[in-house]
Amino acid sequence: MLKKHILLFPFIVLLLLSSWPLNAQMATKRTTKNDIKVTLLSLGSGSSRFTYERAFSPKHSTELTVGVIGWGWDFINHTDSKGMLYKAAFKWNLIPQKNANSWLAGFYVKPEVVWALFDYQPKALPDGSSAASPGHTNQVALLAECGYELVLKWFVFDAYTGMGPSFGTGNANNYFHSFMLYPHHWPLAFTAGFRIGVAF
């Protein structure tokens with residue numbers, strides 16, 4: 001009996017070895033359906049924004065973003081802003097990226113709701129004197145966006161732009177840590193940027 005088991009052992013090893021390339025090939029074709037992204041340029045405007053995306057099919061995914069306003073270096077406005085930013089979006093992947101093992105990759109469109117809630121110090125006046133007293137912003141925008149998400153194995157690069165209506169208290173500096181109004185006093189918001197991240 002033991003001899004039969006010893007004779008079977010080489011056949012089992014050969015069978016496992018022959019199936020290894022197939023298993024390895026299947027492993028490389030694993031489809032990524034999640035990613036975590038960071039908006040790098042936001043660090044230079046005084047906030048840190050983190051996005052989690054989950055795909056439910058090759059055509060549909062959702063995004064949730066949380067931003068901490070005050071985690072960064074405000075090189076643009078120098079307003080010492082402190083607060084939070086929240087974003088939620090539903091994405092339609094219209095043209096998938098070719099040869100990508102990911103449901104996240106390709107050209108997309110999405111509606112996105114943005115809520116910015118923060119305190120800030122208005123910019124100094126042109127003559128160098130101090131500006132008005134600290135302000136408070138509570139602003140909401142509903143943006144129609146398009147973009148392209150590139151996925152190279154685990155690396156993600158996501159570029160986007162969009163516009164839509166915005167309502168709230170406004171902001172003396174016309175900056176809402178995710179969008180701007182144009183013209184300054186119109187309820188029309190514009191956004192653009194890029195994010196990098198990790199797909200899994």
Side-chain angles (χ1 to χ4, degrees), residues 34-54 61-91 104 108-126 128-149 155-200:
N34 303 272
D35 66 32
I36 295 175
K37 296 175 282 193
V38 178
T39 309
L40 284 182
L41 292 179
S42 69
L43 291 170
S45 61
S47 65
S48 296
R49 300 202 297 265
F50 308 94
T51 301
Y52 170 69
E53 182 179 6
R54 167 69 177 174
S61 65
T62 58
E63 281 184 346
L64 295 174
T65 300
V66 174
V68 182
I69 299 171
W71 286 8
W73 303 269
D74 190 354
F75 297 125
I76 298 174
N77 294 307
H78 306 287
T79 59
D80 193 28
S81 300
K82 304 290 181 187
M84 297 297 294
L85 176 82
Y86 305 97
K87 302 169 74 173
F90 187 84
K91 292 174 63 174
L104 308 165
Y108 63 82
V109 295
K110 65 179 182 182
E112 183 169 61
V113 178
V114 184
W115 180 30
L117 186 66
F118 61 94
D119 297 318
Y120 69 98
Q121 177 63 48
K123 289 181 182 178
L125 299 174
S129 61
S130 60
S133 59
H136 176 74
T137 293
N138 187 349
Q139 192 82 7
V140 175
L142 178 59
L143 304 173
E145 299 180 31
C146 64
Y148 189 84
E149 190 158 326
F155 176 75
V156 176
F157 179 84
D158 180 11
Y160 60 92
T161 186
M163 61 184 290
S166 178
F167 305 96
T169 60
N171 185 297
N173 301 316
N174 191 26
Y175 186 69
F176 301 89
H177 290 276
S178 182
F179 60 90
M180 298 179 72
L181 302 182
Y182 187 81
H184 186 289
H185 298 293
W186 280 33
L188 184 60
F190 289 85
T191 187
F194 71 89
R195 298 174 285 203
I196 64 170
V198 177
F200 55 96

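Residue numbers count from 1 along this sequence. Model, not experiment: these values are computed from the prediction.
For the residue pair Phe118 and Gly83, the shortest heavy atom distance occurs at CB-CA, 3.7 Å.
How far OG1 of Thr65 is from CG of Leu85: 8.0 Å, rounded to the nearest 0.5 Å. Put simply, CG on Asn171 and CZ on Phe176 are 4.5 Å apart, with the number rounded to the nearest 0.5 Å. With rounding to the nearest 0.5 Å, the separation of CG in Leu117 from CE in Met84 is 9.0 Å.
Under the side chain to side chain contact (heavy atoms under 4.5 Å, CB included) criterion, Ala144 pairs with no residue, sequence neighbours left out. Scanning for side-chain hydrogen bond (donor to acceptor under 3.5 Å, both in side chains) contacts around Ser48 gives an empty result, with sequence neighbours left out. Checked against ring-ring contact (aromatic ring centres under 6.0 Å, His included), Trp115 has the following partners two or more places apart in sequence or in another chain: Tyr86. Scored by the side chain to side chain contact (heavy atoms under 4.5 Å, CB included) test, Leu188 finds Met163, Phe190 as partners (sequence neighbours excluded). Considering only residues two or more places apart in sequence or on other chains, His184 meets the side-chain hydrogen bond (donor to acceptor under 3.5 Å, both in side chains) condition with none of them. In this view, Ser45 and Tyr175 satisfy the side-chain hydrogen bond (donor to acceptor under 3.5 Å, both in side chains) rule, not counting sequence neighbours. Here Ala159 pairs with Phe157, Phe194 under the side chain to side chain contact (heavy atoms under 4.5 Å, CB included) rule; sequence neighbours left out. Applying the ring-ring contact (aromatic ring centres under 6.0 Å, His included) criterion to Phe90, with sequence neighbours excluded, gives His60, Trp92. In this structure Asp119 satisfies the side-chain hydrogen bond (donor to acceptor under 3.5 Å, both in side chains) test together with His136, sequence neighbours excluded. For the ring-ring contact (aromatic ring centres under 6.0 Å, His included) test, no residue two or more places apart in sequence or in another chain qualifies with Tyr108.
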- Steps toward side chain to side chain contact (heavy atoms under 4.5 Å, CB included) verdict (Tyr120, Ile69): CA-CA 10 Å; Tyr120 69 98; Ile69 299 171; over 6 Å; no
- Step by step, work out the side chain to side chain contact (heavy atoms under 4.5 Å, CB included) result for Val198 and Phe155. CA-CA 5 Å; Val198 177; Phe155 176 75; over 6 Å; no
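For residues 164-173, no pair satisfies salt bridge (Lys or Arg N to Asp or Glu O under 4.0 Å), with sequence neighbours left out. For the side chain to side chain donor-acceptor pair (under 3.5 Å) condition, the pairs that include at least one residue of residues 34-43, sequence neighbours left out, are Asn34-Tyr52, Asn34-Arg54, Lys37-Glu53, Lys37-Glu63, Lys37-Glu149, Lys37-Asp158.
With Arg195 as the partner, the side-chain contact (heavy atoms from CB on, under 4.5 Å) test is satisfied by one option alone out of Val156, Ile36, Thr51, Leu41: Thr51. Between Met180 and the choices Thr191, Asn173, Asn174, the side-chain contact (heavy atoms from CB on, under 4.5 Å) rule is met once, by Asn174.
Counting heavy atoms from C-beta on, the side chains of Thr137 and His177 never come closer than 4.5 Å. A heavy-atom distance below 4.5 Å is not found between the side chains of Tyr160 and Glu112.
Atom OH of Tyr182 has 12 or fewer heavy atoms from other residues, nucleotides or ligands within 6.0 Å.
No donor-acceptor pair under 3.5 Å is formed between the side chain of Thr161 and the backbone N or O of Gly147. Checked by atom type and distance alone, the side chain of Ser166 pairs as donor or acceptor with a backbone atom of Val140 at under 3.5 Å. Listed for the Asn138 side chain is no donor-acceptor partner under 3.5 Å among the backbone atoms of Thr169.
For the residue pair Ser178 / Arg49, no side-chain donor-acceptor distance below 3.5 Å is found, with atom types taken as modelled.
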